[in-house]
Amino acid sequence: MFLLHSNFYLFMKNINTYKYIVGAFLTLNFTSCADFLDREPLDEVSNLTFWNTEDDMKIYNNNLYALASNCANTGILISHSTANTDAMQLCVDFMSDNMATTNANRKFFNEVKSGLRPVPDNPDIFGYQGWEFLRAVNFGLENYDRTQVTQAVKNKYIAEAKLFRGWFYGVKVQRYADVQWIDKPLSTDSPELYGERTPRKTVMENVLNDLIFACENLPEDWADGSSPGRMNRWCALLIKSRICLFEGTYRKYHNIEGYESWLTEARDAAYEIMQNGPYSLYKTSDPVGNEDFAFIYRQKDLTGNPQVLYWKKYVKGIITHNAIKNLTASNGGATRDMIESYLMIDGKPIGQSTYSYSDETIEKVFENRDPRLRMSILHPDDVVKRNFFLTSNLPYPRLLGMAGGKISNTGYHIIKPYNNDVAEVTYGQEIQAGVILQYAEVLLNYIEAKAELDINSVTQSDLDVTINALRDRAGMENAHLLLTDVPHDPKNKGELQVPDLIYEIRRERRVEFLADGLRYDDLMRWGWGKKLTEKAFGMRWDDAAKARFPEAKLIKSSIDPENGIEYIDVYKDTQYENPKFDPAKDYLWPISISVMAENDNISQNPGWGN
C-alpha cells in the first residue's frame, strides 16, 4: 500500500551510490582509515567484482550505520542532532506528557500531543521515510553470498543488516500498522512499487525472524578494538526486547490477539542479557554525591562504561551536535505531572508517604524526594555548582519575561544531560556522547514483560534485580519496592487504572527515561493516549511566586480544579490549550498526501480522511 518513492530508487539504483561509504566508516570508528582511503573509489568498482572479502562486507555495512544515523528518515539510532530540529533524542519527550514548551521549533511535537496535527504534505520525521536505507539493506542481503568467505563469517554481516531491517520495520509498524514488506532491492519498474500494505501481523512475523537471526548470528564482541564500533548480539537482544515489548503491550491494550508470544520474546531477550551479558548498572560508592544515575548522559566518551550497550561518538572537527543548547533553547521544561511522578525518599507516592510534600516553593518540591529528581531537574541552589550555562549570577528558575539566562516554560529546567564542560562550546560543536542502548532499559523491559504476561509470576527477586537495583543506583537503598507492600498511587484511577504493580513499573520507566525519547511510544502501546489531554501545568504560581519573580510578566496561569491552587499553564491562550485525543485515529500516524498521490493503492489510516 505504501509507495516506495521513485526518487529513492533513482538515488539508490546501484552500487555507485555508495561512494560515500569511506566517509561513513570514518564516522563510525574514528580510527585510522588510510588503507580504505587508498582503495579504488567504490563508484568505479563494478558490483560484480566488489564482493570478495570480509572487508568488503564490513565496508558496505559501515554505510548502513551512516544511513541509519539519519534518524529523522529511519526512526532508529536516534541520538543528538546539530540542527535545531525535532530529530534529536532530548526533545522527543515534548511529544509526551513529560515535557512542555511553546517554542515554535517544537511545533510538530505540540501538534501531535494536542491532537491538532494535520495530514502532512510530505512524510513526517521518524515516519514514512527512509526507504533508501531499506534498499541499501536489501541490496547488501542480495550480495553478501558473493564473498569468498565461510558462511559463518557471512552470517555476521547478514545478521547486522537484518538487525537494521527488523528495527526499521518495527518502528514503521508502530507508526502506521500495516506497511508494505519489501525484502529485495527494487528497480524503478518493479510492480511492488505500487503494491498494497502488508498486514501488521505478517510484517511483524518477518521482523521477528530478522531479529532472531540477528541474535543468533551476531558476535557477542566484534573484537575490533573500536568504540562504539558495531552493534553486537547484546544490542540485538535489547532491540528485540524493545520491539517485542511494544508489540506485545500494544496488542494487549488495543485488543489484538497474540500478545502473549510477543511478551514472552521480550522477556526472554532481556533475561538473556541479564543472565549472560557483560553489562551492569554504572554505580560508585556515592551514587547521590556522584550522581551516578545521570553520569552516562554527561560524558564525552562512554568507552568501557558497563551500563551502555551502544552509543554515538562525536569528535571535534569530524561530527558534532548542538543537542544540549537546543534543549534549553526550546524554552521547555518538565511538567508538574512529571515532577510529581517521582517518589518520596521512602519509596511511596506523594500522599501515601510518611513524608509530607509541598510545592509552596520550588525548593520544597525537592525535599525528601527520589534523588533522581534533583539529578534531572535544576534545583535553584545548584546553579552555582553546575555553573549552569555560565549564568550562575542569575537566580533560577528563569521564566517567561525574565531577561538573561535560559528560560523554562514550566519553571522546571531539565539538567539530566547537562555538563557545562561540553555544553559551553561554539554553536553546533558539542561532543557529548549520545546514549542509544543501555542496561537500565534491559531491566525495565524484563520486569514489565514478565508482569504483563502474568502479574502473579513476579517474585521479590525479580523486583530486586530490576527496579530495586535501579533505586540502589539512584541512592534509594531504603526505598525498595516490596511485593508484599506495593503502594497505591491516588493518580492510578479511572479508565486508565492498572494493577498497582504495573503502575509502579511504568513509573520507574518514566523516571529513568526522562528526555530519552521513549515516553510517547510507551503511552501509545499502553493505550494511555488520554494522558496527552491532561493540562500541562508547570510550577506553582501563587501570589508568593509572583512576588518572588516579578519580571516573569509573560506567564499564563490557571487554577487546578483538583486542589484549587494556581499553577503555570504552559499552553493557555495558545492553539494547544485544549488538547484532544481521538483513540479511533490518534494511535496511528497519517500517511502523507505526497505518498498517496503517487500510488492509487494507498488508502489513509482510519480517521485521517481519504
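Throughout, numbering of the chain's residues begins at 1 and tracks the sequence. These figures come from a predicted structure and were not determined experimentally.
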Pairing of [X] and [Y] as salt bridge, 4.0 angstrom limit:
X	Y	value
D359	R540	yes
D489	K348	no
R336	D560	yes
R509	D522	yes
E448	R267	no
D97	K113	no
R473	E512	yes
E477	R471	no
R251	E260	no

At their closest point, which heavy atom of [X] faces which heavy atom of [Y], and how far apart are they?
X	Y	answer
P228	K313	CD-CB, 3.7 Å
L309	Y439	CD1-N, 3.7 Å
H413	S408	CE1-CB, 3.5 Å
G166	D210	N-OD2, 3.8 Å
L163	I239	CD1-CD1, 3.8 Å
N492	L496	OD1-O, 4.3 Å

Could you list the residues that satisfy salt bridge (Lys or Arg N to Asp or Glu O under 4.0 Å) with [X], not counting sequence neighbours?
X	answer
K172	none
D370	R372
E452	K252, R506
E220	R233

Open item on the list: As a test of understanding, state which of E534, E504, E562, E340 forms a salt bridge (Lys or Arg N to Asp or Glu O under 4.0 Å) with K491.
Closed with: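 Answer to the salt bridge (Lys or Arg N to Asp or Glu O under 4.0 Å) test with K491 among E534, E504, E562, E340: E340.
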
TODO: Show your working on side chain to side chain contact (heavy atoms under 4.5 Å, CB included) between L211 and I243 and close with a plain yes or no.
DONE: CA-CA 9 Å; L211 297 178; I243 290 174; 4.0 Å; yes

Open item on the list: With a 6.0 Å cut-off on the ring centroids, do F109 and F94 count as close?
Closed with: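 Here the rings of F94 and F109 have centres that are no less than 6.0 Å from each other.
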
Task: Centroid separation F293 to Y282 less than 6.0 Å - done: no

How about [X] and [Y]: do any of their side-chain heavy atoms sit closer than 4.5 Å?
X	Y	result
C235	N232	yes
E508	L443	no
Y357	K364	no
Y314	E430	no
I76	F133	yes
P371	I345	yes
N217	I158	no
K240	L208	yes

From [X] atom [atom1] to [Y] atom [atom2], the distance as rounded to the nearest 0.5 Å:
X	Y	atom1	atom2	answer
L532	S96	CG	OG	7.5 Å
Y271	I447	OH	CD1	11.5 Å
L343	Q352	CG	CD	11.0 Å
M344	M476	CE	CE	10.0 Å
T335	N409	OG1	CG	12.0 Å
M524	T249	CE	OG1	12.0 Å

- [ ] Apply salt bridge (charged side-chain N to carboxylate O under 4.0 Å, His left out) to R175 and D521, showing your working.
- [x] CA-CA 9 Å; R175 301 283 179 258; D521 287 341; 2.8 Å; yes

TODO: Applying side chain to side chain contact (heavy atoms under 4.5 Å, CB included), run through R369 and I350 and close with a yes or a no.
DONE: CA-CA 9 Å; R369 303 294 300 282; I350 291 172; 3.9 Å; yes

TODO: Could you tell me how the ring of W589 sits relative to the ring of F108: parallel (under 30°), tilted (30 to 60°) or perpendicular (over 60°)?
DONE: perpendicular

Open item on the list: Just to verify, what does F246 make a ring-ring contact (aromatic ring centres under 6.0 Å, His included) with, not counting sequence neighbours?
Closed with: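 Per chain and number, F246 pairs via ring-ring contact (aromatic ring centres under 6.0 Å, His included) with Y250.
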
- [ ] Can you sort out the partners of Y253 under ring-ring contact (aromatic ring centres under 6.0 Å, His included), two or more places apart, ordered by chain and number?
- [x] none

Are side-chain N/O atoms of [X] and [Y] paired as donor and acceptor at under 3.5 Å?
X	Y	value
D286	N290	no
D462	T459	yes
D224	S226	yes
D301	T303	yes
Y396	D382	no

TODO: For T410 and T101, run side chain to side chain contact (heavy atoms under 4.5 Å, CB included): C-alpha distance rounded to whole Å, both residues' side-chain angles, the deciding distance at 0.1 Å, then the answer.
DONE: CA-CA 8 Å; T410 70; T101 180; over 6 Å; no

Open item on the list: The test is ring pair (Phe, Tyr, Trp, His ring centres under 6.0 Å); show your working for W526 and Y520 and say whether it passes.
Closed with: CA-CA 10 Å; W526 295 332; Y520 173 81; over 10 Å; no

Task: Audit row: D268, Y446, side chain to side chain contact (heavy atoms under 4.5 Å, CB included) steps and yes/no - done: CA-CA 8 Å; D268 293 351; Y446 170 75; over 6 Å; no

Determine whether more than 12 heavy atoms belonging to other residues, nucleotides or ligands lie under 6.0 Å from atom [atom1] of [X].
X	atom1	value
K201	NZ	no
K531	NZ	yes
N478	CG	no
Y503	OH	yes

- [ ] Check L373, D93, N98 against M338 for a side-chain contact (heavy atoms from CB on, under 4.5 Å) and give me the one that passes.
- [x]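 Single pass found, and it is N98.
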
